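Lettering of chains follows the sequences in order, A, B, ..., and the numbering in each one begins at 1. All values derive from a computational prediction rather than experimental measurement.
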Amino acid sequence: MNMNILIGSAWPYANGSLHIGHLAGLLPADVIARYYRAKRDKVYFVSGSDCHGTPVAIRAKQENKSPQEISDHYHAEFCECFNKLGFSYDRYGKTSSDEHISFVQEFHRAMYACKYIYEKETPQPFCEKCNTALTDRFVVGKCPECGEKARGDQCDVCGVVLDPENLLEPLCSVCRSAVTFKSTKHLFIAISKFANELTTFVNAHLHWRKNAIAFSRRYINEGLRDRAVTRDLDWGIDVPKDGYEDKKIYIWAENVLGYLSMSKTVAARRGEKYDELWGADSRHYYVHGKDNIPFHTIILPSLMLANGDKWKLPDDIISSEYLTLEGRKISTSQNWAIWVKDIVDRYHPDSIRYFMIANGPEKRDTDFSWREFVNSHNGELLGSYGNFVNRTLAFVYKYFDASVPNGKQDSEISEKISALFQTVGGMIEVGNLKEALDTIFEFVRFGNKYFDTERPWQTRNTDVVKCADTIFNCVQIIANLVVLLEPFIPFSSSKIKNWLTIENSWSVKSVSAGSVIPEPEILFERLDKKVVDEELERLQKHS
RNA sequence: CGCGGGGUGGAGCAGUCCGGUAGCUCGUUGGGCUCAUAACCCAAAGGCCGAGGGUUCGAAUCCCUCCCCCGCAACCA
């Protein structure tokens, strides 16, 4: 049965480099995508760079460049990082591209006709000095309720939800000069009218991670306000409506539509019917960090509901907790961060992927420490897995003339293998990647144990038939491990797949006796423990 | 009473929703092996699962109270 699988990972914001925190939230998407492809489902794994919005415009002004230049620069950097890490996007685009813009405009045009979109005059905060309209969060002042410092959207001290015009002494958060207000009209989406639909929607998906349910419920209970879908900005997508020529579509009302626009591109390229992706035989995953939850469980569904009935609301929300770095919160301004572009060239991409999943912030915050990273690489990836592959294949190469010996398949091992495809697959489907990886590595350890117990280096001289059986079974174990591990560590898997000529489909594999293998090479180089100190020093120096 | 996350052997984590002998990796100690990248295998030590109370035949897990840690201006998943 071929399912249509949509996997959308969050769109990184194109005003700064990616760090390991971003990676922790996005990597699960690639694992899931690779798994479903191996299962032979139709996978639409899409994402892109989020290019519009005020922060990009501000940064552009600071650097004396155009917003387009800034966002294109980071877009290119993101593409390179994802590429080097093996992200298998079927389409990774950007919100400033024609394919996205025309899709969004068409989507909005249809949406404006519905009863949930209305026009309203509101006071628009404006900074004369910066000569720009300010979005709510860029206005700071005193809270009218408690008198403490507050932003234009909310007071963090007393928690009251605000509009910028309520603030006392409103200032521009960029230049700290006084804010003026101009009356302006905007299109609003009546999210408050979707309270029932959204509540039902969340309640129908209690399998989501508990942070997704908690954030969504809180948002529904407290923050379900109508939101403007247009803004007084220069940088963004033109509003497809007369009288809105000087305005742009607000960023959150278009970037989440990127999943739709990019998957449409993919469908067109493949000659598939786009509507089938949104039909019954489909499953849709949205993968991101916990701060992105409301955008995917509230905003995106609201836009879909307002647009019409052809869309399917999200099925699975794979929302990560946060990653700390050496025990401290990651901070880009203090440069307490590990930048993806820096590590992709220093370490094996599989090491990074392995560690980010094995130690990923799946259900709670976890810590990235260089000590643990080196440990995980040397101990688990290299010591357990790499070594098992190497000792087996080297044995074949040396003592069986590079040809897989004929042997009897051990029934216990066969059973373990077929069970693994079932259980690991099930775990990946529900987003329990840590558990899945752990389960596979349990089998890796079993392999080493089996090798040791059978002592082929001795039976080679005493009982050649038994020796051949052992090695034959070890090769079968490897062949299946390679497929099971491919979603997680695709680079090394692909190497071994070539040595043993294995097809990458999610089913039990066997390598026939007599298959000739090339001289096996080392999969993972050992990392010197001193890199821990080097990396820590690098981190301290720059922060 | 601001919000949220967390406190499990030396370190990093799982288990907590759906109570039933406390689990994994690393580290430590002792042993084995020598095919393999000083890799691998076996064994042992090490925990009153933050504290107190409650429910229960039985609680890391459910309920109540308390303590401590982390994040919550902005950048930021």
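As rounded to the nearest Å, B/A38 and B/G19 have P atoms that lie 49 Å from one another. The separation of B/A39 from B/C26, taken at their C1' atoms, amounts to 16 Å, rounded to a whole angstrom. As rounded to the nearest Å, B/G4 and B/C66 have P atoms that lie 16 Å from one another. Remark: the separation of the P atoms in B/G10 and B/G47 is 8 Å, to the nearest Å. Here, B/U21 and B/C3 have their C1' atoms 40 Å apart, quoted to the whole Å. Using atom C1' as the reference point in both B/C17 and B/C63, the two lie 15 Å apart (nearest Å). The same atom, P, is picked in B/A45 and in B/C72; the two are 44 Å apart, to the nearest Å. Rounded to the nearest Å, the gap between the P atom of B/C49 and that of B/U8 is 11 Å.
Using a 4.0 Å heavy-atom criterion, one finds that A/N211 contacts no nucleic acid atom at all. Counting non-hydrogen atoms under 4.0 angstrom, A/L26 reaches nothing in the nucleic acid. If you check every strand for non-hydrogen atoms under 4.0 Å, A/E321 touches a base. Counting non-hydrogen atoms under 4.0 angstrom, A/Y322 reaches a base of the nucleic acid. Residue contacts for A/F451: at a heavy-atom cut-off of 4.0 Å it reaches a base atom on one of the strands shown. Backbone-only engagement by A/G383 is indicated by non-hydrogen atom pairs under 4.0 Å involving sugar-phosphate atoms exclusively. Here A/G289 lies in heavy-atom contact (under 4.0 Å) with sugar-phosphate atoms only. Within the 4.0 angstrom heavy-atom criterion, base atoms lie near A/N387. A/R371 comes within contact range of the sugar-phosphate backbone alone, with a heavy-atom separation under 4.0 Å but no base atom that close. When heavy atoms are screened at a 4.0 angstrom cut-off, A/K449 is found touching the sugar-phosphate backbone but no base atom. Residue A/L393 is out of contact with every strand shown, counting any heavy-atom pair closer than 4.0 Å. Residue A/N378 is out of contact with every strand shown, counting any heavy-atom pair closer than 4.0 Å. Among the heavy atoms of the strands, none lies under 4.0 Å from A/T392.
At least one cation-pi condition fails for A/K408 and A/F472: the charged atom is not both under 6.0 angstrom from the six-membered ring centre and inside a 45 degree cone around its axis.
Look at A/K416 and A/D410 and you find no salt bridge, because none of the NZ, NE, NH1 or NH2 atoms lies under 4.0 Å from a carboxylate O. Between A/D30 and A/R353, at least one side-chain N (NZ, or NE/NH1/NH2) sits under 4.0 Å from a carboxylate O, which counts as a salt bridge. A salt bridge is defined here as a Lys NZ or Arg NE, NH1 or NH2 lying under 4.0 Å from an Asp or Glu carboxylate O, and A/K84 with A/E80 meets this definition. With respect to A/R445 and A/E442, no salt bridge is recorded, no charged nitrogen being found less than 4.0 Å from a carboxylate O.
A distance of 8.5 Å separates OG1 in A/T453 from CZ in A/F446, rounded to the nearest 0.5 Å.
Taking the six-membered ring for Trp and the full ring otherwise, the centers of A/Y92 and A/H75 sit less than 6.0 Å from each other. Taking the six-membered ring for Trp and the full ring otherwise, the centers of A/F78 and A/H22 sit at least 6.0 Å from each other. Checked against a 6.0 Å centroid threshold, the rings of A/W11 and A/Y89 do not count as neighbours.
Listed candidates were B/U37, B/G12, B/C3. Nearest to the side chain of A/L523 is B/U37. With B/C41, B/G7, B/C75 as the choices, the nucleotide that has an atom nearest any side-chain atom of A/S333 turns out to be B/C75. Side-chain proximity of A/D367 to B/C33, B/C13, B/C35: nearest is B/C13. Distance from the side chain of A/Y13 is smallest for B/C76 among the nucleotides B/G12, B/C76, B/G6. Residue A/R218 places its side chain closer to B/G4 than to any other of B/G6, B/G4, B/C35. Of the listed nucleotides (B/U34, B/A36, B/A14), B/U34 has the atom at the smallest distance from the side chain of A/W457. Which of B/C40, B/C35, B/C76 sits closest to the side chain of A/Y399 comes down to B/C35.
The distance between atom NZ of A/K210 and atom P of B/C3, rounded to the nearest whole Å, is 17 Å. If you measure from atom NZ of A/K329 to atom C1' of B/C70, you get 11 Å, rounded to the nearest angstrom. A straight line from CG of A/D452 to C1' of B/G32 spans 9 Å, rounded to a whole angstrom. The interatomic distance linking A/H377 (NE2) with B/U37 (P) rounds to 15 Å, in whole Å. When the C1' atom of B/G32 is taken as reference, atom CD of A/Q458 falls 11 Å away, rounded to whole Å. Rounded to whole Å, atom C1' of B/U37 lies 14 Å from atom NE2 of A/H348. Here the C1' atom of nucleotide B/C26 and the OH atom of A/Y385 are 21 Å apart, to the nearest Å.
For residues 524-531 of chain A, proximity to RNA chain B is found at A/F524, A/R526, defined as any non-hydrogen atom under 4.0 angstrom from a strand atom.
A/W208 and A/H205 have parallel rings, their planes meeting at less than 30° on a 0 to 90° scale where 60° marks the start of perpendicular. Using bins of under 30°, 30° to 60° and over 60° for the plane-to-plane angle, the ring pair A/F87/A/F82 lands in the tilted bin.
Taking side-chain N and O atoms only, A/K363 has no distance below 4.0 Å to OP1 or OP2 of B/A14. Proximity of A/Q334 to the phosphate of B/C76: no side-chain N or O atom is located under 4.0 Å from OP1 or OP2. Side-chain N/O atoms of A/K434 include one lying less than 4.0 angstrom from OP1 or OP2 on B/A14.
When each of A/L323 and A/E521 is assigned the nucleotide of RNA chain B bearing its nearest heavy atom, the one mapping closer to the 5' terminus is A/E521. Where A/H288 and A/V140 meet RNA chain B, the nucleotide closest to each residue was compared, and A/V140 sits on the side nearer the 5' end.
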Exercise. Passes salt bridge (Lys or Arg N to Asp or Glu O under 4.0 Å), A/K290 versus A/D365? Steps please.
Worked result: CA-CA 11 Å; A/K290 62 179 160 189; A/D365 293 1; 3.4 Å; yes
For this session: Determine, step by step, whether A/H377 and A/Y354 satisfy the side chain to side chain contact (heavy atoms under 4.5 Å, CB included) criterion, reporting the C-alpha distance in whole Å, the side-chain angles of both residues, the deciding distance to 0.1 Å, and the verdict.
Result: CA-CA 8 Å; A/H377 171 91; A/Y354 177 84; over 6 Å; no
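In terms of modelled atom types and a separation under 3.5 Å, the side chain of A/E435 and the main chain of A/M427 share no donor-acceptor contact.
Taking a 6.0 Å sphere around CZ of A/F295, one finds it holds 12 or fewer heavy atoms contributed by other residues, nucleotides or ligands.
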Identify each atom pair where a protein N or O and an N or O of nucleotides 21-25 of chain B are less than 3.5 Å apart, giving names and distance.
residue, atom, partner, partner atom, Å
B/U25, O2', A/E380, OE2, 2.7

Seminar exercise, completed: Read 5' to 3' with Watson-Crick or G-U pairs under 3.5 Å, [ ] for crossing pairs and | for partners on another strand, RNA chain B gives .(((((((.[[[[.)....(..]]]].(((((.......))))).....[[[[[..)....]]]]])))))).....
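The aromatic ring of A/F395 does not sit over the base of B/C35, since the test of centres under 5.5 Å and planes under 30° is not met.
The only option from A/N203, A/I293, A/I317 that meets the side-chain contact (heavy atoms from CB on, under 4.5 Å) definition with A/S216 turns out to be A/I293.
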